Amino acid sequence: MRVIKFVEAIREATDQLLAADKSVYMIGEGVPDPKSIFGTTANLKEKYPDQVFDMPIAENGLTGVAIGSALNGMKPIMVHQRMDFTLYAMDQIVNNAAKWYSMFGGQKSVPLVVRMIIGRGWGQGNQHSQNLEMLYSHIPGLKVVSPSSAYAAKGLLADAVNDPNPVIFIEHRWLHNTTSDVPEELYTVPIGKARTALKGNDITIVCWSYANLEVMKACEFLTNQGLSPEVIDMQTLRPMDLPAVKESVRKTGRLLVVDDAWKFGSLAGEIIASIAEDDSIQLKSNPRRLTYPDFPSPSTHALAKYYYNGPHEIVKMVGEVMKKELKLDEVMHYQAARTHDVPDQNFKGPF
Amino acid sequence: MRVIKFVEAIREATDQLLAADKSVYMIGEGVPDPKSIFGTTANLKEKYPDQVFDMPIAENGLTGVAIGSALNGMKPIMVHQRMDFTLYAMDQIVNNAAKWYSMFGGQKSVPLVVRMIIGRGWGQGNQHSQNLEMLYSHIPGLKVVSPSSAYAAKGLLADAVNDPNPVIFIEHRWLHNTTSDVPEELYTVPIGKARTALKGNDITIVCWSYANLEVMKACEFLTNQGLSPEVIDMQTLRPMDLPAVKESVRKTGRLLVVDDAWKFGSLAGEIIASIAEDDSIQLKSNPRRLTYPDFPSPSTHALAKYYYNGPHEIVKMVGEVMKKELKLDEVMHYQAARTHDVPDQNFKGPF
Amino acid sequence: MTDINVKDLYGRMLRIRRAEQEIAKRYSEEQMRCPVHLSIGQEGAAVGVAMSLEPKDLMVSTHRAHAHYLAKGGRLTGLICELYGKADGCARGQGGSMHLVDWNVNFAASTSIVGGTIPVGVGLAFGSFLKKEKQVTAVCIGDAAIEEGVFHEAANFASLHKLPVLFVSENNLYSCYTHLNDRQPQRPLTDIAHGHGMRHLTLDGNDCRSIVGEVRPLVESIRRGEGPAFLELQTYRQLEHCGPNNDDHLGYRGADEISSWIDQDPLNIVQRQLEVSNEWTPEFVAEIEAKVTREVQEAFEFATKAPFPTREELGAYIYASH
Amino acid sequence: MTDINVKDLYGRMLRIRRAEQEIAKRYSEEQMRCPVHLSIGQEGAAVGVAMSLEPKDLMVSTHRAHAHYLAKGGRLTGLICELYGKADGCARGQGGSMHLVDWNVNFAASTSIVGGTIPVGVGLAFGSFLKKEKQVTAVCIGDAAIEEGVFHEAANFASLHKLPVLFVSENNLYSCYTHLNDRQPQRPLTDIAHGHGMRHLTLDGNDCRSIVGEVRPLVESIRRGEGPAFLELQTYRQLEHCGPNNDDHLGYRGADEISSWIDQDPLNIVQRQLEVSNEWTPEFVAEIEAKVTREVQEAFEFATKAPFPTREELGAYIYASH
Ligand SMILES: Cc1ncc(C[n+]2csc(CCOP(=O)(O)OP(=O)(O)O)c2C)c(N)n1
Ligand SMILES: Cc1ncc(C[n+]2csc(CCOP(=O)(O)OP(=O)(O)O)c2C)c(N)n1
Ligand SMILES: [Mg+2]
Ligand SMILES: [Mg+2]
């Protein structure tokens with residue numbers, strides 16, 4: 001199959017969706033500009049001049065505009081270069097988009113997709129690195145997806161655009177240059193379905209988005225030591241495929257959730273609670289979560305370095321859940337040798 | 001001691017805080033008007049003309065204004081008649097108030113109190129009945145309190161105003177006319193401390209705000225049947241007094257969290273997860289939660305009736321956690337005889 | 001203005017007035033269990049704007065939406081059932097007074113968050129623009145809604161793309177109990193529209209006939225693509241902000257102010273116009289009163305007897321399916 | 001304008017220019033690991049406004065804040081250390097380029113959410129107003145920030161209460177790569193200020209001397225309680241939106257546009273003024289270049305050698321204590 005980048009997968013999906021349905025349009029600050037939202041919208045304006053738009057800096061108002069247009073037959077895809085900016089738009093997303101279908105008794109829904117990008121590294125700091133997945137995942141009426149690969153990105157975007165409900169589409173900036181097999185034709189990855197990224201028997205590691213990469217890397221160091229972890233990549237955060245998690249945990253009896261977000265009130269907590277509540281599940285040890293600490297990421301790389309979890313922390317936590325002494329030096333050395341405030345050596349900032 | 005209403009306790013605390021410190025001021029839509037925010041700001045404008053302000057309908061901008069004034073030496077108390085309206089203000093609350101202290105390396109904090117009222121009943125519907133406690137409780141840098149009585153309201157408001165950090169002060173509309181013993185002089189109830197509302201040994205019921213009233217009522221029907229529930233009234237949602245919950249659960253071995261908010265991603269889930277993670281706690285049965293269902297409250301009273309949990313649902317859920325057949329008819333009759341879309345017979349709407 | 005049927009305007013306003021008076025009268029029975037923001041005194045604005053639109057044109061409104069909904073042609077039984085929380089309500093009882101909708105007459109929505117429908121209305125117009133449909137959207141708001149930033153964001157976008165939007169601000173001087181002067185600097189409201197590069201017009205919001213006379217050509221120019229416009233309609237709410245009563249005893253507005261506005265009641269103004277044209281005959285009055293009263297009584301009778309939604313409808317509208 | 005020391009203005013602008021040029025030069029070393037939005041070309045506006053204020057007056061700014069911070073008197077070492085993420089940074093490295101602060105010189109804050117500091121600035125002024133302090137707050141923003149609704153909410157409140165605020169919009173025609181005409185309707189920016197009942201003024205943002213001449217009296221009128229004012233300063237960013245390079249090869253702005261603005265570089269303008277007054281002497285040029293270069297070199301030397309914050313500072317600033 002063909003291997004392409006995550007950004008290219010988004011771009012291609014958008015291209016195909018715009019071509020397939022003239023009611024689809026793409027809007028966001030910088031969408032038609034030379035930087036083209038990290039490449040995800042490159043050349044789309046030239047190809048679909050009547051379906052691709054820049055916008056003023058007015059996140060709430062333009063979200064409302066997108067909602068209105070959706071009620072009038074369009075299928076907007078909106079994009080924000082950082083999730084942090086979408087706090088401006090909470091009123092329209094939560095009070096309107098999420099509630100339209102319910103508050104008018106099922107008469108019209110809002111087929112809107114809002115892409116939001118989580119920042120990390122290169123000094124992003126407090127206001128450019130927040131993962132606010134929880135703020136949206138808590139809201140009835142929204143769907144929330146958070147793909148971990150180019151393949152999932154393309155398929156979930158296609159499913160999101162065809163969904164009659166508002167869908168929050170979360171992209172981690174550090175996924176943008178990752179690659180995977182991606183079919184050329186348009187296909188869908190169904191919203192609401194988790195994916196077993198690795199089959200195993202000893203412990204269930206639940207994750208999504210960029211954390212999935214770190215978990216898969218950690219699993220190399222785990223399998224080296226004879227462990228057999230099972231990895232569930234959620235893909236959709238709401239409505240969540242809890243049955244998939246439960247099925248896995250029933251088998252392994254152990255649970256670790258890795259969530260790149262603040263701990264208190266995290267989705268990781270929700271998943272643990274859902275397992276803990278279930279009488280039909282017997283755990284062999286207490287479930288655990290690995291998250292951001294409960295404060296925002298500082299700008300200086302000297303401190304941001306210690307803020308994020310990588311394979312080292314994951315392996316360590318697996319050891320705790322397994323109540324096993326695991327060897328850590330290899331994974332520690334691996335992690336120490338990596339860049340820590342850029343996704344790869346080619347990344348030179350700024351965003 | 002003197003018994004007064006919740007609204008009067010808030011009004012009295014505000015009065016005393018305005019008198020004690022000229023840098024305290026009160027602002028909100030309708031604060032000086034004849035309805036005086038359900039009575040909580042009655043006559044304050046007359047008494048403190050230079051410290052009490054109405055405001056334009058501009059929640060985000062005025063939150064920013066309050067933040068700026070706080071940085072310049074003032075201690076604003078802002079109020080919103082519904083929590084739903086504060087979605088407009090998420091940017092200033094989350095990106096600025098919550099982060100100021102951290103993003104400038106500890107140089108200035110924002111001593112701001114934002115009162116938010118949760119609506120219920122009389123057809124409030126999707127946009128006037130949301131409990132968004134979770135959206136704020138997830139945010140590092142904020143403190144969040146949610147008192148359940150007139151006594152706690154006065155004391156927590158005093159502690160909030162004296163706190164150098166931004167405090168979200170959540171009031172359930174149905175608490176406004178409830179009464180309790182309240183000292184005349186100003187006192188504080190410390191932020192961050194839970195309260196044991198009832199001592200017992202069989203099950204720990206965790207709750208806060210209006211749910212505490214329903215839980216206490218349910219406990220009458222539980223103690224009648226020989227059960228000994230312990231009730232923990234959290235009072236503060238962030239930073240949360242998890243040690244108090246743990247201490248109680250260590251004793252009872254059973255946990256039910258009653259949370260008047262949507263289930264998925266609820267604080268109730270966070271509490272359950274925190275207990276489930278803790279190796280040092282042995283539970284006798286699976287922890288459970290009782291919450292709003294995962295959709296917004298409809299306007300029509302014919303359906304809102306089935307939306308909310310009362311003593312009946314609480315007793316039933318305690319039975320499930322205790323794995324005991326509990327008698328339900330008495331509590332069912334009690335609940336059926338109550339009004340369900342108004343807090344008491346005197347309430348005639350509209351808000 | 002020769003093609004304006006003033007008797008028809010009177011009939012449409014009277015229908016709204018009588019319906020809302022009946023709501024006010026019966027509200028104390030406590031069967032309409034939702035907040036109601038009545039438009040009594042503001043019917044001229046609603047009918048004037050609605051009659052300047054074509055049926056295919058869209059309208060959105062606010063918490064105070066009864067008049068707009070009815071003026072646009074919304075079903076009276078749909079409104080009354082909605083207030084009673086019945087399954088035949090225009091939003092199946094899920095919405096209540098502040099959440100009205102009737103897509104059959106292109107009344108797209110009213111919602112209860114101040115400012116909430118403004119960008120949605122602009123978005124409806126953006127949809128028309130993208131689809132190249134010659135459809136105008138009227139965004140009906142109060143005087144306070146322009147304090148919300150989202151108004152400006154929406155207005156800027158509408159002006160930038162010359163979208164077919166008519167912003168209608170019914171300036172009734174108050175936001176709940178707070179006077180305009182305590183919320184905005186003293187300058188004409190329409191200066192804001194000018195700031196966004198938009199055309200604007202200030203009219204007597206109680207003179208329905210002249211609203212139609214002025215606004216029809218404006219709407220047609222908007223339809224032709226000449227860009228959005230902002231209309232300030234000066235009017236007055238006669239009852240309390242929310243609820244069925246008069247609350248002037250609270251003293252937030254002066255007796256002179258009130259009485260001068262009552263004198264300028266939109267029904268009075270049209271009556272005087274019909275008197276001048278000798279169309280105000282006892283027969284006309286009797287006939288229109290009878291017709292309107294009958295419709296109102298029938299709607300209440302229908303609504304009070306109509307069934308509530310069944311429990312199955314609780315939580316039935318979480319997600320739309322493909 | 002006789003009391004304006006133009007040589008002093010030149011020196012202040014040059015300090016900013018040389019500091020930012022050094023940042024640009026060293027950025028590729030990858031030791032300043034945070035986004036930088038340089039103000040090269042816009043120093044005249046920053047210095048002109050700062051020199052119209054008194055030291056006790058407050059200022060807030062945006063993502064593009066280096067010039068404002070330095071013009072207001074902010075420590076150069078504090079800025080450079082902040083870019084390097086060092087503990088001596090003005091925000092202890094927690095903020096980075098977009099989060100500057102120096103309360104010693106009343107530079108209250110810059111933040112990275114567009115529009116975020118606007119109401120905060122108005123709030124600072126509300127604080128001064130409540131405390132009856134004769135302190136003016138300058139709210140420095142770009143041309144795009146006025147598209148955010150929060151600007152309007154803040155402007156309305158400032159105008160309503162006649163707060164001591166000077167809004168300064170540096171109109172450099174672009175928001176990242178998007179031209180003003182693709183974001184706002186074609187009308188003077190200042191019409192927006194008029195809409196909020198505010199005084200306004202449009203000036204050549206590169207002519208530092210005339211900015212000071214015009215703005216000083218304006219600031220004093222604001223201080224006297226005559227209400228806020230809005231200043232549009234027309235200027236141009238010479239480098240890329242974010243980063244150390246020129247990116248005009250991307251083709252988003254025309255060569256003529258660029259060259260005419262480069263010709264109007266704020267340093268050139270003041271140089272010409274000094275030539276006319278015969279103050280542009282080789283001695284002056286040599287002396288000021290040497291002084292500024294020395295300060296800049298010392299600051300970088302200090303910053304590159306300065307220690308990073310220690311791990312204990314991670315998570316040290318969650319809550320302030322009593
Ligand atoms: C965001 C938000 N803030 C506050 C309110 C409470 N509220 C309901 S109506 C209203 C006044 C609106 O005034 P205006 O826009 O002039 O409309 P009018 O009521 O006069 O028709 C207010 C403040 C609300 N519903 N939504
Ligand atoms: C709320 C928000 N939306 C978008 C951005 C991304 N962004 C950063 S700077 C900028 C352009 C700002 O333009 P302007 O206000 O004219 O300032 P300039 O960069 O020209 O100085 C944008 C869109 C942001 N930081 N915050
Ligand atoms: Mg009004
Ligand atoms: Mg600009």
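Naming: A, B, ... by sequence-line order, numbering from 1 per chain. Keep in mind that what you see is a predicted model, and the values were worked out from it rather than measured.
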**OP:** Run the numbers on A:M74 and C:K131 for side-chain contact (heavy atoms from CB on, under 4.5 Å), then give the verdict.
**Re:** CA-CA 9 Å; A:M74 307 304 294; C:K131 295 188 288 179; 3.7 Å; yes

**OP:** Could you pull out the closest heavy-atom pair between C:V120 and A:Q92, with the gap in Å?
**Re:**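 Here C:V120 and A:Q92 meet closest at CG2-OE1, 3.7 Å.
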
Original post:
Considering all heavy atoms of both residues, which atom of C:Y319 and which atom of A:P239 are nearest to each other, and what is their separation?
Top reply: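 So the two residues come closest at OH-CD, 3.7 Å.
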
If we define contacts as heavy-atom pairs under 4.5 Å, which of [options] has the most with chain C?
options: A:N60, A:D50, A:I57; answer: A:N60
options: A:S23, A:P56, A:S69; answer: A:S69
options: A:S102, A:P111, A:P166; answer: A:S102
options: A:G73, A:G106, A:A66, A:A98; answer: A:G106

Taking atom [atom1] of [X] as the centre, does the number of heavy atoms from other residues, nucleotides or ligands within less than 6.0 Å exceed 12?
X: A:K108; atom1: NZ; answer: yes
X: A:K193; atom1: NZ; answer: no
X: A:E247; atom1: CD; answer: no

Original post:
Got a donor-acceptor contact below 3.5 angstrom from the C:E153 side chain to the A:G61 backbone?
Top reply: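 Here the side-chain-to-backbone pair exists.
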
Subject >> chain A contact via C:S321 - side chain, backbone, both or neither, heavy atoms under 4.5 Å >> reply: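 C:S321 touches chain A through backbone heavy atoms alone.
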
Subject >> chain A contact via C:L100 - side chain, backbone, both or neither, heavy atoms under 4.5 Å >> reply: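 Contact with chain A involves the backbone of C:L100 alone.
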
Top contributor to chain A interface from [options] [non-hydrogen pairs under 4.5 Å]:
options: C:A154, C:S128, C:A108, C:G121; answer: C:S128
options: C:L58, C:L130, C:L160; answer: C:L130
options: C:N156, C:T137, C:T111; answer: C:T111
options: C:A87, C:A155, C:G127, C:G95; answer: C:G127

Measuring heavy-atom distances to chain C, does [X] have an atom under 4.5 Å in its side chain, in its backbone, in both, or in neither?
X: A:P140; value: neither
X: A:N96; value: side chain
X: A:P76; value: neither
X: A:Y88; value: neither
X: A:M103; value: both
X: A:Q51; value: neither
X: A:K143; value: both

Original post:
Do A:Q107 and C:W103 pass the side-chain contact (heavy atoms from CB on, under 4.5 Å) test, and can you show the C-alpha distance, the side-chain angles, and the key distance before you say yes or no?
Top reply: CA-CA 9 Å; A:Q107 289 182 53; C:W103 280 97; 4.2 Å; yes

Subject >> Side chain to side chain, A:D91 and C:V150, heavy atoms closer than 4.5 Å >> reply: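 The answer is no; the side chains never approach within 4.5 Å.
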
Original post:
Under 4.5 Å between any side-chain heavy atoms of A:N72 and C:Q135, yes or no?
Top reply: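 Yes, their side chains come closer than 4.5 Å.
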
**OP:** Compute the ring centroids of C:F126 and A:F53, then answer whether they are less than 6.0 Å apart.
**Re:**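 Yes, they do, as the ring centres are separated by less than 6.0 Å.
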
Original post:
Of C:I118, C:V122, C:L124, which meets side-chain contact (heavy atoms from CB on, under 4.5 Å) against A:V65?
Top reply: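 Result: among C:I118, C:V122, C:L124, C:V122 is the only option passing the side-chain contact (heavy atoms from CB on, under 4.5 Å) with A:V65.
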
Subject >> Spacing of A:F104 atom CZ and C:H99 atom NE2 [to the nearest 0.5 Å] >> reply: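 Reported to 0.5 Å precision, the distance equals 6.5 Å.
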
**OP:** Rounded to the nearest 0.5 Å, what's the gap from CG on A:D163 to NE2 on C:H322? Could you check?
**Re:**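 One gets 4.5 Å once the value is rounded to the nearest 0.5 Å.
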
**OP:** Evaluate the side-chain contact (heavy atoms from CB on, under 4.5 Å) criterion for residues C:V101 and A:W100: first the C-alpha distance (whole Å), next the side-chain angles of each, then the deciding distance (0.1 Å), finally the verdict.
**Re:** CA-CA 11 Å; C:V101 60; A:W100 211 271; over 6 Å; no

